[in-house]
J.: 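Input: one structure, supplied below.
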Protein chains: 2
Amino acid sequence: MKYKIKSRIWIEADNNVLLGEGRVHLLKAIQETGSLSKAARSLNLSYKKAWNLLDSVNKSAKKPVTVNSIGGKGGGGAQLTDYGLSLIRAFDEINKNCWDFLDKQLEKIEHI
Amino acid sequence: MKYKIKSRIWIEADNNVLLGEGRVHLLKAIQETGSLSKAARSLNLSYKKAWNLLDSVNKSAKKPVTVNSIGGKGGGGAQLTDYGLSLIRAFDEINKNCWDFLDKQLEKIEHI
DNA sequence: AATCGTTATATCTAAGCAAATATAGCGAAA
DNA sequence: TTTCGCTATATTTGCTTAGATATAACGATT
């Protein structure tokens with residue numbers, strides 16, 4: 001039996017969570033489906049929860065992460081801004097780097 | 001306004017959490033006070049919660065992390081084993097390294 | 001003007017988890 | 001043999017949080 005090191009990182013703005021793993025999943029699903037409600041369904045979360053998450057992200061980010069439209073063809077929709085895309089890219093990169101880093105730290109506990 | 005990167009790491013054994021920040025706090029308080037109930041009081045957590053945490057730690061670790069004595073002078077007590085001490089040391093070191101690492105990653109988001 | 005699938009929001013209900021409470025058992029020491 | 005403060009554990013109570021439900025508003029298209 002071996003010990004494992006796990007981690008979770010997130011980006012904060014003004015002591016509010018801006019982006020964590022769940023929020024990134026949601027944003028990616030919005031990118032793929034073109035709407036918040038479809039994204040919520042695809043991730044098996046209630047529309048309300050998804051809306052709260054997205055609202056919180058947009059409120060704490062420096063610039064809008066999505067553009068949401070109400071009404072019109074198809075009832076409306078949501079899509080990521082370039083800013084949102086660059087945030088996701090940065091998060092993914094830092095997250096991966098963190099995993100790799102912790103992998104190297106494993107040697108510090110493997111003899112324990 | 002600047003974005004910050006926060007993180008949390010923990011050590012798992014067999015998909016159970018072995019050590020996280022809260023558990024390390026508890027173990028350190030046990031070390032200082034010599035008893036689980038005193039440690040719980042000093043950290044403002046209920047004895048039950050503290051006991052559950054310690055029980056879980058001892059159950060998932062390869063070797064006992066504390067030695068608990070019931071009855072006797074002073075009613076009993078708990079103290080860390082050498083093994084427990086080395087676990088705490090390893091956790092603290094890895095945790096600190098992780099923070100330092102993420103500090104360096106900050107440059108990846110400071111322009112966003 | 002009617003339709004449609006959204007976004008947006010309020011309200012109520014259920015469930016899970018944390019906290020409080022209670023109590024048994026222990027063993028050294030007086 | 002009684003006292004003491006602790007470990008150990010069960011049970012209940014309360015509170016927060018998640019989930020379900022309902023509904024208003026929107027605007028391009030027909």
Side-chain angles (χ1 to χ4, degrees), chain A residues 8 10 15-18 20-61 63-81 83-85, chain B residues 8 10 15-61 63-81 83-84:
Chain A
R8 191 136 281 183
W10 63 96
N15 298 322
N16 296 317
V17 174
L18 166 63
E21 230 160 77
R23 291 163 195 239
V24 166
H25 275 150
L26 180 62
L27 292 180
K28 285 178 178 171
I30 289 174
Q31 188 184 14
E32 284 163 15
T33 60
S35 103
L36 177 56
S37 65
K38 279 180 193 147
R41 275 199 293 276
S42 81
L43 294 180
N44 253 59
L45 31 120
S46 69
Y47 175 80
K48 188 196 168 177
K49 184 164 187 180
W51 184 86
N52 280 336
L53 281 172
L54 181 59
D55 187 52
S56 158
V57 170
N58 275 320
K59 274 186 178 141
S60 47
K63 294 195 273 180
V65 169
T66 62
V67 171
N68 311 325
S69 64
I70 310 176
K73 178 182 174 184
Q79 69 177 73
L80 295 193
T81 60
Y83 186 70
L85 288 171
Chain B
R8 191 135 284 185
W10 64 95
N15 298 323
N16 297 318
V17 174
L18 167 62
L19 263 195
E21 229 160 78
R23 292 163 194 237
V24 167
H25 275 150
L26 180 62
L27 293 181
K28 285 178 178 172
I30 290 174
Q31 188 184 13
E32 285 162 15
T33 61
S35 103
L36 176 56
S37 65
K38 278 181 192 148
R41 275 198 293 277
S42 80
L43 294 180
N44 253 58
L45 30 120
S46 70
Y47 175 81
K48 188 195 169 177
K49 183 164 186 179
W51 185 86
N52 280 334
L53 281 172
L54 181 58
D55 188 51
S56 159
V57 169
N58 275 319
K59 274 186 179 140
S60 47
K63 293 196 273 180
V65 169
T66 62
V67 172
N68 310 326
S69 63
I70 310 175
K73 177 181 175 185
Q79 69 178 73
L80 296 193
T81 60
Y83 187 69

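Residue numbering restarts at 1 for every chain, and letters A, B, ... go by the order of the sequence lines. As the structure is a computational prediction, the values presented were derived from the model and not from experiment.
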J.: Does a side-chain N or O from Trp51(B) land closer than 4.0 Å to OP1 or OP2 of dA8(D), or not?
T.: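 For dA8(D), OP1/OP2 do have a side-chain N/O of Trp51(B) under 4.0 Å.
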
J.: Enumerate the residues from residues 64-77 of chain B whose closest heavy atom to DNA chain C is under 4.0 Å, giving them by residue number; use none for an empty result.
T.: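 The stretch gives Ile70(B), Gly71(B), Gly72(B), Lys73(B) as the residues lying under 4.0 Å from the strand, ordered by number.
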
J.: With Lys49(A), which residues qualify under side-chain hydrogen bond (donor to acceptor under 3.5 Å, both in side chains), at least two apart?
T.: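 For Lys49(A), no residue satisfies side-chain hydrogen bond (donor to acceptor under 3.5 Å, both in side chains) once neighbours in sequence are set aside.
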
J.: On a heavy-atom basis, which atom in Ala78(A) and which in Ile30(A) lie closest, and how many Å separate them?
T.: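 Shortest heavy-atom separation between Ala78(A) and Ile30(A) comes out as O-CG2, 3.7 Å.
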
J.: For Leu80(A), does its backbone N or O pair with a side-chain atom of Thr66(A) as donor and acceptor, under 3.5 Å?
T.: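 Pair absent, no side-chain N/O of Thr66(A) close to backbone of Leu80(A).
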
J.: Does Arg41(A) have any salt bridge (charged side-chain N to carboxylate O under 4.0 Å, His left out) partners at least two apart in sequence or in another chain, and if so, which?
T.: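 Residues passing salt bridge (charged side-chain N to carboxylate O under 4.0 Å, His left out) with Arg41(A): none at all.
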
J.: Shortest non-hydrogen contact from Ala40(B) to Tyr47(B)?
T.: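 Scanning both residues, the minimum pair turns out to be CB-CA, 4.1 Å.
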
J.: In this structure, are over 12 heavy atoms from other groups packed under 6.0 Å from Gln79(A) atom CD?
T.: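 12 or below, so no.
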
J.: In residues 28-49 of chain A, which ones come under 4.0 Å of DNA chain D, going by heavy atoms?
T.: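 DNA chain D contact set from residues 28-49 of chain A: Lys48(A), Lys49(A).
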
J.: Using the heavy-atom set of chain B and a strict 4.0 Å cut-off, write down the first and last nucleotide of DNA chain C that makes it in, 5' to 3'.
T.: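 Listing 5' to 3', DNA chain C meets chain B from dA19(C) to dA28(C).
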
J.: Step by step, work out the side-chain contact (heavy atoms from CB on, under 4.5 Å) result for Val17(A) and Arg23(A).
T.: CA-CA 10 Å; Val17(A) 174; Arg23(A) 291 163 195 239; 3.8 Å; yes

J.: Taking all non-hydrogen atoms of both residues into account, name the closest pair between Ala50(B) and Leu26(B) and its distance.
T.: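 Taking Ala50(B) first and Leu26(B) second, the nearest heavy atoms are O-CD2, 3.5 Å.
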
J.: Could you state the CG-C1' distance from Leu54(B) to dT9(D), rounded to the nearest angstrom?
T.: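 My rounded result for the distance is 14 Å.
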
J.: Check the pair Leu27(B) / Leu19(B) against side-chain contact (heavy atoms from CB on, under 4.5 Å), numbers first and verdict last.
T.: CA-CA 10 Å; Leu27(B) 293 181; Leu19(B) 263 195; 3.8 Å; yes

J.: Restricting to side-chain hydrogen bond (donor to acceptor under 3.5 Å, both in side chains), what partner residues turn up for Trp10(A), sequence neighbours left out?
T.: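 For Trp10(A), the residues satisfying side-chain hydrogen bond (donor to acceptor under 3.5 Å, both in side chains) (neighbours in sequence not counted) are Glu12(A).
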
